[in-house]
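Values below: all heavy atoms of this structure, side chains included; hydrogens, waters and symmetry mates excluded.
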Amino acid sequence: MLRIGVMVSGGGTNLQAILDKITDGNLKNCVVVTVVSNNKNAYALERAKQNDIPSAVISRKAFADTKEYDKALIKHFTEFKCDLIVLAGFLSLIGEGFIKLFKNRIINIHPSLIPSFCGKGYYGIVPHQKALEYGVKVTGATVHFVEPEYDSGPVILQKAVAVEEGDTPESLQKRVMEQAEWEILPEAIRLISNNRLKVDGRIVRIL
Ligand code: GAR
């Protein structure tokens, strides 16, 4: 059984996508054992409650420095014996200590085709605003392993989504979520739970 800890900041639709795939039997041998939010008002916490999943609010603001914040996260996920940490709409930065300890065991979903529209400040609606401003015809989503720099780790899965005439950042965000994020994030977890991923430097191979 793969024990998953999910980190969230907002609505939690990606968390919901994972829970739905577990419920409908498409994600076997996986269980979400805890949800951690950096924002006490995140609706994702309500989703955790509705599904009887223990949750916690652990916010960087509550700690003197990143090291202390990391320590609290490590303690929490170790107590819950997590095998995999999933950043599912987590809009804050985690520290190097935590990332190093969980090397290749933390994954993130990002709402663009990395390396486009990513890096510091590119989160939530921003990648969609920038994609529209740039005028790209295709965008999408990426699941990648987490490394200390923003959106920098080895790419696991990507899915392209067409930009349509008349799109607003909101309509594009919705389409990218529906057509890409809610599909490739659970799929990456499925591959990990079946031991199908091999990381070779920055290249991820699907076995
Ligand atoms: C999602 O679009 C996710 O890809 C993005 O925030 C949204 C959260 O939605 N994440 C990032 O931008 C991370 N850099 P959700 O809370 O409904 O899952």
Side-chain angles (χ1 to χ4, degrees), residues 4-21 35-39 41-45 47 59-61 66 84-96 98-99 104 106-189 191-192 197 199 202-204:
I4 304 167
V6 179
M7 296 186 75
V8 294
S9 297
T13 62
N14 278 289
L15 165 66
Q16 192 65 55
I18 298 166
L19 296 174
D20 290 349
K21 295 275 183 198
V35 171
V36 169
S37 176
N38 64 329
N39 164 16
N41 298 316
Y43 184 70
L45 290 170
R47 296 183 195 268
S59 159
R60 168 70 184 81
K61 281 181 280 180
T66 308
L84 178 71
I85 315 293
V86 178
L87 309 190
F90 182 69
L91 308 183
S92 183
L93 199 60
I94 51 175
E96 239 178 287
F98 176 39
I99 294 171
N104 290 343
I106 310 179
I107 64 171
N108 178 48
I109 178 87
H110 182 77
S112 75
L113 295 174
I114 289 175
S116 287
F117 310 117
C118 64
K120 196 170 172 10
Y122 282 75
Y123 58 83
I125 197 78
V126 179
H128 307 295
Q129 283 165 345
K130 299 290 182 190
L132 290 177
E133 277 169 24
Y134 197 95
V136 293
K137 305 301 180 201
V138 170
T139 184
T142 304
V143 183
H144 64 94
F145 284 111
V146 171
E147 283 185 352
E149 296 79 35
Y150 282 101
D151 305 322
S152 65
V155 169
I156 302 171
L157 292 173
Q158 292 187 302
K159 188 165 179 216
V161 174
V163 176
E164 289 177 7
E165 196 58 44
D167 258 337
T168 61
E170 291 73 20
S171 67
L172 187 56
Q173 179 181 48
K174 184 167 179 282
R175 189 171 328 106
V176 168
M177 281 178 157
E178 288 170 356
Q179 294 184 6
E181 296 188 37
W182 301 341
E183 194 179 304
I184 63 174
L185 185 58
E187 176 60 11
I189 296 171
L191 291 170
I192 290 168
L197 295 186
V199 190
R202 60 162 309 104
I203 307 301
V204 177

Side chain to side chain contact (heavy atoms under 4.5 Å, CB included) assessment of Val136 paired with Phe117:
CA-CA 11 Å; Val136 293; Phe117 310 117; 3.9 Å; yes

Testing the basics here: between Ala141 and Val176, what is the closest heavy-atom pair and its distance to 0.1 Å?
CB-CG1, 4.1 Å

Can you measure from OG1 (Thr66) to CD1 (Ile94) and round to the nearest 0.5 angstrom?
11.0 Å

Residues in ring pair (Phe, Tyr, Trp, His ring centres under 6.0 Å) contact with Tyr122, at least two apart in sequence or another chain:
none

Heavy atoms of Ala44 and Leu15 approach each other most closely as O-CD2, 3.7 Å

For the pair Lys120 (side chain) and Tyr150 (backbone), establish whether a donor and an acceptor sit closer than 3.5 Å, ignoring hydrogens and angles.
no

Going by the side-chain contact (heavy atoms from CB on, under 4.5 Å) test, name the single residue among Val204, Leu157, Ile114 that passes it with His144.
Ile114

Give me the atom names and distance for the closest heavy-atom approach of Ile99 to Val146.
CG2-O, 3.4 Å

First locate atom CD1 of Ile184, then atom CD1 of Ile156, and finally report the distance between them rounded to the nearest 0.5 Å.
9.5 Å

Residues in salt bridge (Lys or Arg N to Asp or Glu O under 4.0 Å) with Asp151, at least two apart?
none

Give, for atom CG of Leu172 and atom CE of Met177, the distance between the pair rounded to the nearest 0.5 Å.
11.0 Å

Would you check if there is a donor-acceptor pair between the side chains of Asn38 and Ser9 at a distance under 3.5 Å?
yes

Residue pair Ala162 / Asp167: nearest heavy atoms and the distance that separates them
O-OD2, 4.5 Å

Going by the rule side-chain hydrogen bond (donor to acceptor under 3.5 Å, both in side chains), which residues pair with Ser116 if we only count those two or more places apart in sequence or in a different chain?
none

State, yes or no, whether a side-chain contact exists between Tyr134 and Lys130 at a heavy-atom distance under 4.5 Å.
no

Which atom names give the shortest non-hydrogen contact between Gln16 and Arg47, and what distance separates them?
OE1-NH1, 3.1 Å

Nearest 0.5 Å please: distance from the CD atom of Gln173 over to the OG1 atom of Thr139.
11.5 Å

Enter the distance from Phe98:CZ to Leu93:CG here, rounded to the nearest 0.5 Å.
11.5 Å

Determine the minimum heavy-atom distance between Val199 and Pro154, stating which atoms define it.
CG1-CG, 4.2 Å

Quick check for you: to the nearest 0.5 Å, what is the distance between Arg175 atom CZ and His128 atom NE2?
10.5 Å

Does any non-hydrogen side-chain atom of Asn14 lie less than 4.5 Å from one of Trp182?
yes

Do Ile107 and Leu185 have side chains that approach each other closer than 4.5 Å (heavy atoms only, starting at C-beta)?
yes

